[in-house]
Amino acid sequence: MTKSVFELTFSEAKAELAFLKQELRRHDDLYYNKAEPEITDWEYDQLRLRLNEIEAKFPELKSESSPSQKVGAPVSSTFSKITHKKPMLSLENAFSSEDLEDFIERVQNFLNTTTNLEFCAEHKIDGLSASIFYKNGQLTYAATRGDGYVGEDVTDNIKTILDIPKSIDYTGEIEIRGEVYMSINSFTELNKQREEAGEKLFANPRNAAAGSLRQLDAEVTKQRNLGFFAYYVDGDNLNINTQIEVMEFIKKLGFSTSEYKLCHSLMDMEKYCQDTSQKRQNLPYEIDGAVFKLNSLELQNRLGFVGRNPRHSIAFKFPAEEAETRILDISIGVGRTGKITPVAILEPVNLNGAMVSRATLHNFSEIERKQIAVGDTVKILRSGDVIPKIIAVTKKSGNATFAMPATCPSCGADLVQYPGLIDLFCPNHYGCSAQAVRYISYFVSKNCLDIPGLGEKQVEEFFEEGRIKTALDIFKLQEKEVDTPLASKPGWGKVSAKKLYDAIENSRNVTLARFIVSLGIPGVGEVIAQLLADHFKNIENLQRAEKADLVELEGLGDLMAEEIYAFFRNEVNIKFIEEYKTLVTISHKEKSVDTNSALYGKTIVFTGTLSKLSRNEAKQIAISKGANVSSAISGKTDIVVVGENPGSKLKKASELGIKIMSEEEFLNIGSI
Ligand code: IVH
């Protein structure tokens, strides 16, 4: 049984997050790059949901490199790139009425209101999003979402879609966003043709739509009969105030929209979900849920974003189906932190359009409890709460329950179960090959040294061949070349070897934030590393930092501070950093912020109940003006913003002679 996030200890959460991140990245790659998903969307969502829940419970574990901060696919190198004017982000998911209710409450809380809010309900089209630009009425370019910031230029392909007008009645610049999809009929027909031609079949209409849009030959796209539903507009001088008006305006321009409806209450929203779920079977296109968008665009703006999601909208996802399959094997994974994870290898089974061939078996007590054995037939299902799982053994194979290993499958060390933790760990952190390979792969990955050409597979091979033993050996790869030239290794040649060495040389210029991320301090990803870099300015200052200095930083909890402090006091880490520093050049650029704001550089404390703003919104405004927000008053506090019933903080602020500001004054300054 998956533990509720509230029962997780810090280290359990950390270990599970590491696992979830690895899984999500693997599935992203399978889905976006290989177009061969192994799990259903539902299962994928559950992984993301669990990740979000753990990050919400343990914010100190959240990093910018987390999949929760990323949207969609890495940009492919085949198409030229287009930077989106505004990021194309993603929606948070809801799976139940309670989730919808929580969403409404969160929106109300942020806006500090109890009034009934209106939401525009739309179909959640199961396709891929696209952005289309028009200048003076002419379609000028179109892009896929890509990684949310930079997409692929698919202008020629988009122009072949009949639903998309090539010219519209609008002067000036305007951007339309929506979903490119393939109708169920076109999908069935396409797969029939592919089967006859002996070609690989598309798993579902969405994959087919994605594969069809990202064709180098637009003629192929044209033959695929793609459709488009628009749901977003951004342009000069649009006098539009609500999402409903957006949909009406878009229709007038000549675009198609899916069915939408204004909801005045949670009940309306629930009804829309029920109705849509029933209609779903008869729709000519696939939908995987409903989207609810706060109707007022002004309020949408105020709400802003959290991570990759706008606070103003949510996607209600329909549940997936159950499936039955057989466990072919159980494999044991060893993570970067030494966490041991059993994974069930399944006889591939189709679950809602995608082939499922793996299921995580979080830990051995779950295997024990369900008496799971290789060869058993099992029922897999999305669970109401979190990770998709094997919910029951439906037919016993008669084989013995899979036994918990006593030793690490990689290094043979006796596994340990730390007191209070369910998971098993390989304690051999500095001698286990599997952990070393995972760490080195992390060290060279995008968020750390970013050395293209070095993935987990290459790292594993280099490690096995003895080319590298530690992460720092990466910088010595070329020296070792003398004995065994990389260029003569299968799969490599002169050009690729040179490319790799050039990339390694390039990586020697590293920013302080990346340097910190690459150390692999548990829980320290891009966001925290940037925070540390901005605060401490160089690695020596950070190494010297006392626990108290770390705790004071906004965003770092006690546990995180403890973890960082301990990391820099570990002998092995100290030696590693000393050598690492001799191999690279670390740079740090001071942040450039709008220094004109009166709040810039000030440390602000909020106290009492604010009437116009929620604490959260007030905090976001302060941060956006370059202020630091602190929860406690100290000698460093510059401003205390006071709401109703301020309590002891106001007294303390007056005693210390700190500037006191009303909510009104804060709002006036914050808006400049
Ligand atoms: S609004 C901030 N409306 O679902 C993203 N998205 O995870 C705003 N989608 O990326 C998107 N139907 O690809 C929106 N009616 C709809 C949608 C829709 C499908 C997709 C879209 C988006 C993803 C959200």
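Note: hydrogens, waters and symmetry copies are ignored here, and every other heavy atom, side chains too, is used. None of the values given here were measured: they were computed from a predicted structure. Indexing begins at 1, ligand by ligand and atom by atom, following the structure's order.
No donor-acceptor pair under 3.5 Å is formed between the side chain of R177 and the backbone N or O of Y232.
Using a 3.5 Å distance cut-off with no hydrogens or angles, the side chains of S129 and E179 do not pair a donor with an acceptor.
Comment: R48 does not engage E53 in a salt bridge, judged by the lack of any side-chain N to carboxylate O separation of less than 4.0 angstrom.
In this structure, Y285 has its ring center under 6.0 Å from that of F229.
Scanning K124, M247, R177 for the heavy atom closest to atom 23 (C) of ligand 1 points to K124. For atom 15 (N) of ligand 1, the nearest non-hydrogen atom from the set E122, Q243, K317 belongs to E122.
At least one N/O-N/O distance between L91 and ligand 1 falls below 3.5 Å. Considering both main-chain and side-chain atoms, P310 never comes within under 3.5 Å of ligand 1 through any nitrogen or oxygen pair.
Each of the following atoms of ligand 1 lies closer than 4.0 Å to a heavy atom of S129: 10 (O), 13 (O). Close approach of ligand 1 to L89 is summarised as follows: ligand atoms under 4.0 Å from at least one heavy atom of the residue are 2 (C), 5 (C), 10 (O). Of all atoms in ligand 1, numbered sequentially from 1 with element shown, those under 4.0 Å from a heavy atom of E179 are 9 (N), 13 (O), 19 (C), 20 (C), 21 (C).
Annotation: side chain of E173 is not in contact with side chain of Y134 (no heavy-atom distance under 4.5 Å).
Between K293 and ligand 1 there is a heavy-atom distance shorter than 4.0 Å.
Partners of F133 according to the ring-ring contact (aromatic ring centres under 6.0 Å, His included) rule, which considers only residues two or more places apart in sequence or in another chain, are Y141.
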Less than 3.5 Å apart, which donor and acceptor atoms pair up between the side chains of residues 114-121 and the rest of the protein, not counting sequence neighbours?
residue: T115; atom: OG1; partner: T113; partner atom: OG1; Å: 2.6
residue: N116; atom: ND2; partner: H264; partner atom: O; Å: 3.3
residue: E118; atom: OE2; partner: H264; partner atom: ND1; Å: 3.1

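By the criterion of a heavy-atom distance under 4.0 Å, the side chain of R145, and not its backbone, is placed next to ligand 1.
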